[in-house]
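A quick write-up on the structure given underneath.
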Amino acid sequence: MSHVFSKRSNSLPLQLVLYLFVLGGTVTAAVTYYCTPKYLRVGYAPVQPVPYDHSLHAGQLGLDCRYCHSNVDQSGFANLPTSQTCMNCHKLVKPQSPLLAVVRASFESGAPVPWVQVHKAPDYVYFNHAIHVNRGVSCVECHGRIDQMTVVTHAKSLSMKFCLDCHRAPAQFLRAPQDLYHLAASTLAEQGRTADAARFIQQAKIKPPQSCSGCHR
Amino acid sequence: MRTVYYVTALLVVLTISIGGFRGRRSTQPPIEVFPDMNRQAKYKPQAGSKFFADGRADRPLAAGVVPRGRTIAPDPDFLRADNFLYRGQTTSGEFARDFPPELALDEKFMQHGQERYTIYCAPCHGALGDGQGITKSYGMVTTASYHDDRIRKMPEGEIFNTITNGKNTMSPYADKLSPEDRWAVIAYVRALERARQGAVSDVPADHKADLGL
């Protein structure tokens, strides 16, 4: 009787198990790399109806974020500006520009400019802008260098881990009140003022929620 | 077995060449891997709505609506009966001089005014209030200077009215500044005007050295 199986096949079960490990590892690595917010969201830069440029308005002209996002330090929601806000200047600055036709039409008719939302927390997450901004967390921590972006791009993952990394140890992320809206400013810790940060945390009784009900309420 | 490994390696290369690396720019909305309850049947601020004819969930205010919780004392001004605080007018309807008595004109109030002024007025009127803000060189050529005699002598109530309703080429700022904020900004405008008129004799003796006098 000839051999049905070659001698090599003796090691086949072992090789199969080995391969399954390699395959499992590769698939896990691919899923963690490709199916998490760091890949899925970061870099999202939708085409907006008006080519509005933060690097010109916030960077070059030096407008404060609150000139347009005027409720960010007063309410949980960071509003987008009304078209009147744009027309404050654009009545006289580039009044005929074709790039601003949508804004002018919106100002006259009262219909909103259909901006595309970039950052979108899931509806089961409770988020509040004012509490972060008023407690020394700058826009740059969660939105990146908006003042250098021509098109707003999703810069951070905004995943649950991202939120918790700061909530567990906020001291190293806090900035001085006058630096909050200047996105180039460094944190108190980077300025070597860790003692100030610690005092601020103590005085303002900063204790970000880490329990599930803090953010999923 | 070797071919299986080759095929796997090929698949890895294929995935990377299609998927690319993290942080790649994309104009497509992010894929939601587990969309479970991500988007629920509720409205968030400034959201769209298919229900209303104009397509927005935020409804315009009916005439005469007063915002909650933005007044100094909770009740007496509820219907904005206070002509001075909310319109800058006297009871007879003229522009009022000076500041409403319920506001405490202290350092905190001034600093608040300075902060709001820097955000909302300085881009056009400039940090010094001389009308030389950054936008001047881009076309906002009609911006007024606060150091004109006319504006220096103007009743505070008239400036309040300019902020609330706008004037000629200046748009209203009532949506961005609450009535209390507007008074704080006016206080700071008055401070800028006073500073422009300042003389060496105004500097307190113990601060003269700071200025090298």
Side-chain angles (χ1 to χ4, degrees), chain A residues 8 11-12 15-16 18-19 22-23 26 30-31 33-47 60-67 70-71 74-77 79-80 82 84-85 87-89 91-95 110-112 114-117 120 122-124 151 153-155 181, chain B residues 1 4-5 8-9 11-12 15-16 19-42 44-48 54-56 58 60 70 115-116 118-120 122-124 134-135 138-143 166 169-173 175-178:
Chain A
R8 260 175 46 209
S11 63
L12 193 63
Q15 285 201 337
L16 269 182
L18 208 67
Y19 175 69
V22 172
L23 188 69
T26 319
V31 168
Y33 192 83
Y34 284 122
C35 296
T36 44
K38 272 194 185 139
Y39 174 76
L40 294 173
R41 288 190 195 139
V42 176
Y44 175 45
V47 180
Q60 197 180 322
L61 299 179
L63 291 182
D64 192 287
C65 310
R66 289 167 290 180
Y67 185 89
S70 49
N71 284 339
Q74 291 162 34
S75 89
F77 179 71
N79 59 308
L80 291 192
T82 55
Q84 190 220 303
T85 308
M87 293 309 279
N88 288 349
C89 289
K91 257 188 308 200
L92 292 173
V93 178
K94 298 243 172 189
W115 301 111
V116 184
Q117 194 174 354
K120 228 179 194 171
D123 286 353
Y124 53 76
V151 180
T153 310
H154 208 305
Y181 303 91
Chain B
M1 209 60 215
V4 180
Y5 278 103
T8 314
L11 279 179
V12 169
T15 317
I16 293 175
F21 295 103
R22 279 178 173 170
R24 199 176 49 147
R25 279 174 81 87
S26 151
T27 52
Q28 296 306 312
I31 299 163
E32 295 184 328
V33 182
F34 300 111
D36 312 315
M37 292 169 71
N38 283 11
R39 307 292 156 222
Q40 302 167 13
K42 68 176 178 187
K44 287 186 163 185
Q46 293 191 325
D54 62 0
R56 46 174 138 174
D58 291 352
R70 281 228 183 152
E115 186 201 52
R116 295 290 125 177
T118 312
I119 301 170
Y120 297 113
C124 297
I134 176 93
T135 53
Y138 292 93
M140 297 289 307
V141 285
T142 54
T143 313
T169 44
M170 177 172 149
S171 315
Y173 279 77
D175 59 331
K176 298 181 166 45
L177 294 165
S178 70

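Convention: sequence-line order gives letters A, B, ...; per-chain numbering from 1. Quick caveat: nothing in here was measured; it's all calculated off a predicted structure.
Side-chain contact check for A:Ser70 and B:Tyr120: no donor-acceptor pair (N or O, by modelled atom type) lies under 3.5 Å. Using modelled atom types and a 3.5 Å distance limit, the side chains of A:Lys91 and B:Ser171 yield a donor-acceptor pair. Using modelled atom types, one finds a donor on one side chain and an acceptor on the other under 3.5 Å when comparing B:Tyr173 with A:Asn88.
Among the candidates A:Gln60, A:Lys94, A:Gln117, A:Arg66, the residue making the largest number of heavy-atom pairs closer than 4.5 Å to chain B is A:Arg66. In terms of heavy-atom pairs under 4.5 Å with chain A, the best-connected choice from B:Ala47, B:Cys124, B:Gly23, B:Ala122 is B:Gly23. Between chain A and the residues B:Asp54, B:Val12, B:Asp58, B:Ile134, the largest count of heavy-atom pairs under 4.5 Å involves B:Ile134.
With values rounded to the nearest 0.5 angstrom, A:Gln74 atom CD is found 7.0 Å from B:Ser178 atom OG. Rounding to the nearest 0.5 angstrom, the gap separating the CG atom in B:Asp175 from the OG1 atom in A:Thr82 is 5.5 Å.
A:Tyr33 pairs by the ring pair (Phe, Tyr, Trp, His ring centres under 6.0 Å) definition with nothing, not counting sequence neighbours.
Side-chain atoms of A:Tyr39 and B:Arg24, non-hydrogen and from C-beta on, do get closer than 4.5 Å to each other. Here the side chains of A:Leu92 and B:Thr142 are in contact, with some heavy-atom distance below 4.5 Å. You'll find the side chain of A:Thr36 reaches within 4.5 Å of the side chain of B:Arg22, heavy atoms only.
In this structure, no portion of B:Leu11 lies under 4.5 Å from any heavy atom of chain A. Of the two parts of A:Thr85, the backbone and the side chain both hold a non-hydrogen atom closer than 4.5 Å to a non-hydrogen atom of chain B. At a 4.5 Å heavy-atom cutoff, the contact between A:Ala45 and chain B is made by backbone and side-chain atoms alike. Only the side chain of A:Phe77 comes within contact range of chain B, with at least one heavy atom under 4.5 Å from a heavy atom of that chain. When heavy atoms are compared at a cutoff of 4.5 Å, A:Tyr67 approaches chain B by way of both its backbone and its side chain. Both the backbone and the side chain of A:Leu61 come within less than 4.5 Å of a heavy atom of chain B. Proximity to chain B involves both the backbone and the side chain of A:Leu80, based on heavy atoms less than 4.5 angstrom apart. Neither the backbone nor the side chain of B:Pro60 comes within contact range of chain A; no heavy atoms are under 4.5 Å apart. For chain B, the nearby parts of A:Lys38 are the backbone and the side chain; heavy atoms of each come within less than 4.5 Å. Contacts of A:Val22 with chain B are made by side-chain atoms alone, with heavy-atom separations under 4.5 Å and no backbone atom involved.
Of the possible donor and acceptor atoms, none in the side chain of A:Tyr34 sits under 3.5 Å from a partner among the backbone N and O of B:Phe21. Checking side-chain atoms of A:Gln84 against main-chain N and O of B:Pro172 turns up a donor-acceptor pair under 3.5 Å.
Counted within 6.0 Å of NZ on B:Lys44, heavy atoms from surrounding residues, nucleotides or ligands total more than 12; the atom is thus considered enclosed.
Pairs of residues two or more places apart, or lying in two chains, that qualify as salt bridge (Lys or Arg N to Asp or Glu O under 4.0 Å) and include a residue from residues 30-39 of chain B are A:Asp123-B:Arg39, B:Glu32-B:Arg39.
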*Go through A:Lys120 and B:Asn38 one step at a time and tell me if the side chain to side chain contact (heavy atoms under 4.5 Å, CB included) criterion holds.*
CA-CA 10 Å; A:Lys120 228 179 194 171; B:Asn38 283 11; over 6 Å; no

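Nearest heavy atoms, B:Val33 versus A:Cys35: CG2-O, 3.6 Å. Here the shortest heavy-atom pairing between A:Tyr44 and B:Thr27 reads CE1-O, 3.7 Å. Here the closest non-hydrogen pair linking A:Cys89 and B:Thr135 is SG-CG2, 4.2 Å. Between B:Thr8 and A:Tyr19, the closest heavy-atom pair is OG1-OH, 2.6 Å.
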